[in-house]
Amino acid sequence: MSHQIHKACDFVLFGAKGDLAMRKLFPALFQLHAANLLNPDSRIIGVARADWSQSEFIDQVEATLKRFLKSGELSVELWAGFSARLDYVKVDMTSAEDFKKLGQAIDQSKRVMVNYLATPPSVFGDICQNLSFAELINEETRIVLEKPIGHDLESSKVINDTVARYFKENRIYRIDHYLGKETVQNLIALRFANNLFNSQWNNHSIDHVQITVSETVGLEGRYSYYDKVGQMRDMVQNHLLQLLCMVAMNPPSKLDADSIRDEKVRVLKALHPITSDNVHKRAVRGQYAAGSINGKSVVGYSEEDGGGQSQSNTETFVAIRANVDNWRWAGVPFYLRTGKRMPQKMTEIVVVYKNNPHYIFDKKQKDIVNNRLVIRLQPDEGIRLHVVTKQLDMQQGMALQNRALNLDFTSDDPNHRTPDAYERLLLESMVGDQSLFVRRDEIEASWTWCDELINAWSETGDEVKNYNAGTWGPIGSIALIERDGRSWHE
Ligand code: BG6
């Protein structure tokens with residue numbers, strides 16, 4: 001994770017017309033430009049099948065920036081500088097000839113070529129093959145891959161094998177955009193720069209960990225994609241397991257990409273398998289029915305556009321009790337839950353500490369006596385440490401209260417803007433640092449565990465349980481944690 005100005009790049013964005021490019025990637029590239037983080041000679045080359053002229057492409061980018069940036073961010077001067085970096089090449093991903101045209105827009109003697117594939121994985125192979133055919137791959141050329149990398153272990157291997165025929169692993173940048181979120185990176189600082197936490201980060205002190213990623217959105221018109229995937233593949237296989245790794249990994253010996261990723265793979269390999277024997281106690285699947293969110297009625301999953309009122313068994317909610325079978329975490333459950341159409345959009349990690357071995361205060365107060373570390377990733381990024389203190393009151397004797405030491409990253413500086421995860425990740429791909437990208441063995445270890453769980457659901461004929469939109473998931477997800485004498489952090 002570096003702040004140096006990188007070598008000049010030709011940043012080639014395949015899928016430049018797509019939703020991700022328009023909504024996230026061009027705004028992120030613009031912010032990097034505005035913050036002077038791009039090399040002055042770096043260029044951005046949009047690639048798509050659309051029949052756009054150069055000026056039509058630039059108009060499209062301007063329109064998307066106007067839509068997604070805050071007012072005042074797109075000044076005339078910044079736009080002039082940013083638009084001067086833009087170029088467009090119309091390419092049919094399957095046409096080798098079109099890649100020769102692309103070659104004319106690239107100069108690898110002056111700039112590193114970074115290829116960002118914001119396209120379906122089904123064309124990754126064609127793109128790699130055609131880049132190679134047009135002699136556009138050299139020892140410095142990089143490739144950035146968007147998820148999904150497969151829908152199970154086998155299909156992810158096929159994608160990885162295809163890309164590996166053309167690019168070495170140290171040139172492949174697999175995106176998990178959660179790793180670009182500032183507070184996720186802050187976990188590294190929190191854990192490894194504070195002996196206060198580092199020395200207590202184990203099963204002697206920690207009772208359990210909760211990771212919640214809740215969204216208020218439904219499918220946003222993505223039914224045909226989502227119904228084949230579900231929340232387990234869409235969110236758990238990547239984002240939740242990456243968060244779990246950041247919490248559970250051992251301290252890396254150095255802060256470099258492979259040292260960090262070696263430790264994450266160890267965690268994934270140590271995850272206790274969830275199979276048909278234990279799945280009913282360890283995991284719950286749900287699907288939202290009609291309900292209301294923030295006072296607004298929303299339809300159920302089967303009534304979503306594209307759903308056709310069908311009886312789908314695809315989950316939009318998952319809760320799991322995971323265990324990491326190693327010395328540090330033996331006996332410490334990690335409760336994960338994620339769902340669509342929940343009451344609130346929020347990503348939060350809660351580390352719940354064990355109580356003291358002996359209790360000397362008023363028994364009626366026992367429930368409030370625990371320490372929790374709450375790491376809020378979004379919105380309102382911050383860290384709260386719940387500690388127990390005496391109430392300032394002469395009448396009450398030793399009356400206790402649980403209060404929070406609050407580190408609020410959003411209010412420290414009112415002019416501060418939290419960078420979007422993609423800004424960090426695009427920058428790192430240009431700098432050439434892979435620390436925040438997922439290595440092949442991580443993806444495969446993660447699929448291995450998820451496949452076993454998904455198979456367990458199908459072997460046991462598990463049916464999704466309904467929950468009303470605007471609630472925290474099916475009742476079974478509450479039972480999952482309450483069976484262990486614990487409850488979800490509110
Ligand atoms: C994506 C999923 O990876 O992450 C989406 O495909 C989900 O279904 C999104 O909505 C959530 O990302 P964020 O950054 O808004 O929490």
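For ligands, and for the atoms within them, numbers begin at 1 and follow the listed sequence.
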Would you say the side-chain atoms of S276 and E459 include a donor-acceptor pair closer than 3.5 Å? yes
Under 3.5 Å, is there a donor on one side chain and an acceptor on the other for T347 and Q378? yes
What's the shortest heavy-atom distance between F167 and C128, and which atoms? CE1-SG, 4.0 Å
Are Y301 and Y223 an aromatic pair by the rule of ring centers under 6.0 Å? yes
CD1 of I274 to CG of N323, rounded to nearest 0.5 Å, is 8.0 Å
Please list, by chain and number, the protein residues whose heavy atoms come under 4.0 Å of ligand 1. K147, H177, Y178, K181, E215, R222, D234, M235, H239, K340, K345, Q378
For W447 and I149 the tightest heavy-atom approach is NE1-O, 3.1 Å
